[in-house]
Amino acid sequence: MPELPEAESIVRGLRAHVVSESIRRADVIHRDVLRQPLRAFTGGLSGRSIERVKRRGKNVIIGLDSGSVLAINLGMTGNLLLFGSAPRGGKRPTHPTVILRFASGAVLFFNDTRRFGTAEFLQCDAWQARSDRMGPEPLSEGYTAARMVDDLSRSRSPARSWLLDQRKIAGVGNIYANEALYLAGVHPARPANAVTESEAVLLHQGLRDVLNRAIAAGGTTLRDYRNADGEVGGYKIRLRVYGREGAPCLECGRAIERMVLSNRSAFFCPVCQLAR
DNA sequence: AGTGTATCCTGCAGGC
DNA sequence: TGCCTGCAGGATACAC
């Protein structure tokens, strides 16, 4: 599933092509991705034109001329695929859930195999309220190491769980959470408030580095992520711990271990990442 | 406050 | 080849 870098790559690709497009109609293939009645969704979108495309955390936000937005959470397997005209045959996305048809003839597919993603038409204040409940953007200017130190000190959650909590920090998913903890030398189960200040500085830097590098390369494709043009992510750096259980740590050679925290895998080097 | 569990879905890899 | 199990980039509700 897409995390922040993948959502950012999608946003950049879309922005170049759909701003000022007018939505002729919205077709909903699978209603279970909606969080509101069908007509509130389709009625809100039809006839609107797109003024901007933004990202907030892992969400793609399509700003409309009415001041309202189409908010898309990509879930585990969601992506947005844009075509200049209706695709036929083998080019047609395999798991369309919502299809936006533009006045120009271009077509945008919200494709989502597992349908854990969501699509929502929201008035601007409703979206704002939602956004306000999310934590800071890790790549924003204002997100300093000092802010991260302070926020970490307020929680006893394991550091990996803390990083995944969108209310604490926005856009971090399981891949980059694990990678950043490795770079900081912090064990995933370490309580957030037991992360030292110097470690938090490394975590802040490591997180921003790994996110920036992934964005620069157009995202990471593990299984099914594609950008708006249907291309795989080019993030070629070897993941250092994620998915590497049993493989040697690139620093010390010890086998990478896997543990489960809050029902999700965490990967770490038992030597390089200190539990306390 | 924080955790484990279950749930929503489909697909794929690996073991037999 | 087929069947079965476990696992997957997310998020939420629940009981404890």
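The chains referred to below are lettered A, B, ... by the order of the sequence lines, with proteins before strands, and numbering in each begins at 1. Because only heavy atoms are used, hydrogens play no part in the values below, and waters and symmetry mates are left out as well, while side chains stay in.
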Review point. Would you say a side-chain N or O of S265(A) is under 4.0 Å from OP1 or OP2 of dA8(C)?
Key: yes
Exercise for review: Output yes when D27(A) and R25(A) qualify as a salt bridge under the 4.0 Å nitrogen-oxygen rule, no when they do not.
Suggested key: yes
Practice item. Please work out if S155(A) contacts a base, only the sugar-phosphate, or nothing of the nucleic acid, heavy-atom cut-off 4.0 Å. Key: sugar-phosphate
Review point. Partner of dC9(B) by Watson-Crick or G-U wobble geometry, both contacts under 3.5 Å, or none?
Key: none
Practice item. Return the 5'-most residue of the pair H95(A), S161(A) with respect to DNA chain B, ranking by each residue's nearest nucleotide. Key: S161(A)
Practice item. For R167(A), report the nucleic acid contact type (base, sugar-phosphate, nothing); a contact means any heavy atom under 4.0 Å. Key: nothing
Point to revise | Distance in angstrom units between E3(A) CD and dA8(C) C1', rounded | key: 12 Å
Review point. Quantified in whole Å, what is the P atom distance between nucleotide dT5(B) and nucleotide dG6(C)?
Key: 14 Å
Point to revise | Crowding at CD, E197(A) (>12 non-hydrogen neighbours, <6.0 Å) | key: no
Check your understanding: Between the side chains of Q128(A) and S131(A), does any donor sit under 3.5 Å from an acceptor?
Key -> no
Check your understanding: Reckon N174(A) touches a base, only the sugar-phosphate, or nothing at all at heavy-atom distances under 4.0 Å?
Key -> sugar-phosphate
Practice item. Would you check if there is a donor-acceptor pair between the side chains of S104(A) and E21(A) at a distance under 3.5 Å? Key: yes
Check your understanding: Of all heavy-atom pairs between R15(A) and K54(A), which one has the smallest distance, and what is that distance?
Key -> NH2-CA, 4.2 Å
Point to revise | Of R264(A) and R258(A), the one whose closest DNA chain C nucleotide lies more 5' | key: R258(A)
Point to revise | Contact interval (first through last nucleotide) of DNA chain B with protein chain A, 4.0 Å heavy-atom | key: dG2(B) to dG11(B)
Exercise for review: Using distance alone, with no hydrogens and no angle criterion, decide if N73(A) and T118(A) have a side-chain donor and acceptor under 3.5 Å apart.
Suggested key: no
Check your understanding: Between L164(A) (CG) and dT12(C) (C1'), how many Å, whole number?
Key -> 14 Å
Review point. Under 4.0 Å between a side-chain N/O of Q166(A) and OP1 or OP2 of dG10(C), yes or no?
Key: no
**Study point:** Nearest-Å distance for atom pair CD1/C1', residues I169(A) and dG10(C)
**Key:** 17 Å
Check your understanding: Whole-Å distance between dG10(C) P and Y242(A) OH?
Key -> 8 Å
Review point. Taking atom P of dA11(C) as reference, at what distance in whole Å does atom CD of E120(A) sit?
Key: 13 Å
Exercise for review: Could you state the atom-to-atom distance from CD of E6(A) to P of dA8(C) in whole Å?
Suggested key: 17 Å
Check your understanding: Should E137(A) and R56(A) count as an ion pair when the cut-off is N to O under 4.0 Å?
Key -> yes
Revision key, fill the gap. note: D112(A), atom CG; dA11(C), atom C1'; distance rounded to Å ~ 13 Å
Point to revise | Side-chain N or O of N73(A) closer than 4.0 Å to phosphate OP1/OP2 of dA11(C) | key: yes
Practice item. Starting at atom CG of L261(A), determine the distance to atom P of dG10(C), rounded to an integer number of angstrom. Key: 14 Å
